[in-house]
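Keep in mind that this is a model prediction, so the values were computed, not measured. Residue numbers begin at 1 in each chain, while the letters A, B, ... track the order of the sequences.
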Protein chains: 2
Amino acid sequence: MEMEYQEAKDKFISTWGSLGTLWGINKAMAQIQSLLFISTKPLSMEEIMKELKISRGNTSMNLRQLMDWGIVTKELIPGERKEFFTTEKDVQELARHIAKERSRREIKPVIKILKDVSSIKDDGTEKTKELIKQTKALHDLAETADAMMNKIVNQEQNWITKSLLKLIK
Amino acid sequence: MEMEYQEAKDKFISTWGSLGTLWGINKAMAQIQSLLFISTKPLSMEEIMKELKISRGNTSMNLRQLMDWGIVTKELIPGERKEFFTTEKDVQELARHIAKERSRREIKPVIKILKDVSSIKDDGTEKTKELIKQTKALHDLAETADAMMNKIVNQEQNWITKSLLKLIK
DNA sequence: CTAAACTTTCAGTAATTATTGAAAGTTTGT
DNA sequence: ACAAACTTTCAATAATTACTGAAAGTTTAG
């Protein structure tokens, strides 16, 4: 398949946008990030609005969320009154931020609840035993998965990823 | 904190249910799965509906989806006319199914598109070069992450998980 | 074959989530 | 201090997604 620049760009933005759900963010947020990710220079709110055909308010709110996630930053360009925005351009670094935030916002709280639930008093009934057993298993799995993800993604270089891959291939 | 069985059960089901989005399924689906996961016996549609206070139609549709995902199965109980349902009880096995399905349904198609986009003809312009470079980086990252996830989760025992954890600690 | 017991489908509706746009707020230059 | 240039907020609205329930479909027993 051969695509023109514009077609490829649109495809990338819409695909990455719809994938947003996979890493827990909404469409507009993901699309703004995509746009910045392939831009050769920082973009202003005006440019983002126009490019993605979304409102000023929407752009403002989603940019803020992206900054909260730590993957977009304000860039002040000397002589310009407007604010400009860039995203983390290094995929490894991007993955690190996303994994860290998801862990903090979603996974850790669930692990906490699993721990609480699996720690209820065993009253000897079969159903209580089952609840404890199953939530404990889930707790251990979630904790292991979370720890692995963070460790893997936190290496400065990706040497460990490469060596791990070899190990398990 | 000390909870009663019923409180702990409700908390588990609602927490796990709201976490559904994290692994790409909806609330009712996740709640049905949770209920089965801590049940000591197969449950009928009637029992699921009553327990979760959801309609017959909703229950039917979500059970089907869970079966499509391969994590819930029909259990025919001799002498009973009704159908009964159980979920995979082993967390390792559960994680395997979920990872496999997510990879197949969501990650693989995105990798394919990233590949297409990063393979457009380089017309020499800066913006085209940037699009190619960044989507290629994303493609490689996605492919590596997908491969790792599948490898890790596909081990019959979790010996490898344990040894990997040691390695990267 | 018929009826009872059960499951599935799907059009309508409800609930949730995202988006707009205009008013309010802020910052900067003169 | 004022006004221009810009950003943020948020109530109203739109779009999306999930849920209901009754009708249609299926299976089983007699």
Just how far, in rounded Å, is [atom2] of [N] from [atom1] of [X]?
X: B:Leu66; N: D:dA18; atom1: CG; atom2: P; answer: 14 Å
X: B:Leu63; N: C:dT9; atom1: CG; atom2: C1'; answer: 15 Å
X: A:Glu46; N: D:dT7; atom1: CD; atom2: C1'; answer: 11 Å
X: A:Glu80; N: D:dA5; atom1: CD; atom2: C1'; answer: 12 Å
X: A:Lys74; N: D:dC6; atom1: NZ; atom2: P; answer: 14 Å
X: A:Met45; N: D:dT9; atom1: CE; atom2: C1'; answer: 12 Å
X: B:Lys82; N: D:dT28; atom1: NZ; atom2: P; answer: 15 Å
X: B:Lys50; N: D:dT20; atom1: NZ; atom2: P; answer: 17 Å

(request) Please identify each residue that fulfils salt bridge (charged side-chain N to carboxylate O under 4.0 Å, His left out) with A:Lys121, with sequence neighbours left out. (result) none
(message) Applying salt bridge (charged side-chain N to carboxylate O under 4.0 Å, His left out), can you list everything that pairs with B:Glu47, at least two apart in sequence or on another chain?
(response) B:Lys41
(message) Is any side-chain heavy atom of A:Ile111 closer than 4.5 Å to one of A:Lys115?
(response) no
(request) Step by step, work out the salt bridge (charged side-chain N to carboxylate O under 4.0 Å, His left out) result for A:Glu46 and A:Arg56. (result) CA-CA 8 Å; A:Glu46 213 67 42; A:Arg56 193 172 293 282; 3.1 Å; yes
Would you tabulate the side-chain donor-acceptor contacts of residues 71-80 of chain B under 3.5 Å, counting partners in other chains and residues two or more places apart, or write 'none'?
from	atom 1	to	atom 2	distance (Å)
B:Thr73	OG1	B:Thr86	OG1	3.4
B:Lys74	NZ	B:Glu83	OE2	3.2
B:Glu75	OE1	B:Thr86	OG1	3.3

(message) Just to be sure I understand the rule, does A:Glu83 reach a base, reach only the sugar-phosphate, or reach nothing, if contact means heavy atoms closer than 4.0 Å?
(response) sugar-phosphate
(request) Between protein and nucleotides 13-26 of chain C, map the contacts as a letter string: B base, S sugar-phosphate only, - none, heavy atoms under 4.0 Å, written 5' to 3'. (result) -----SSBB-----
(message) If you count every heavy atom of other residues, nucleotides or ligands that lies below 6.0 Å from B:Glu126 atom CD, does the total exceed 12?
(response) no
(message) Is it true that, when you exclude A:Lys89 itself, more than 12 heavy atoms of the residues, nucleotides or ligands shown sit nearer than 6.0 Å to its NZ?
(response) yes
(message) Please list all pairs meeting salt bridge (charged side-chain N to carboxylate O under 4.0 Å, His left out) that have one or both residues in residues 136-146 of chain A, counting only residues at least two apart or in different chains.
(response)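 As it turns out, the salt bridge (charged side-chain N to carboxylate O under 4.0 Å, His left out) pairs with a partner in residues 136-146 of chain A, which skip direct neighbours, are A:Lys108-A:Asp146, A:Lys136-A:Asp140.
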What N/O pairs connect the protein and nucleotides 1-3 of chain D at under 3.5 Å? Give each pair on its own line.
none

(message) Between A:Lys127 and A:Glu130, does any NZ, NE, NH1 or NH2 come within less than 4.0 Å of an OD or OE carboxylate oxygen?
(response)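 The answer is no: the pair does not qualify as a salt bridge.
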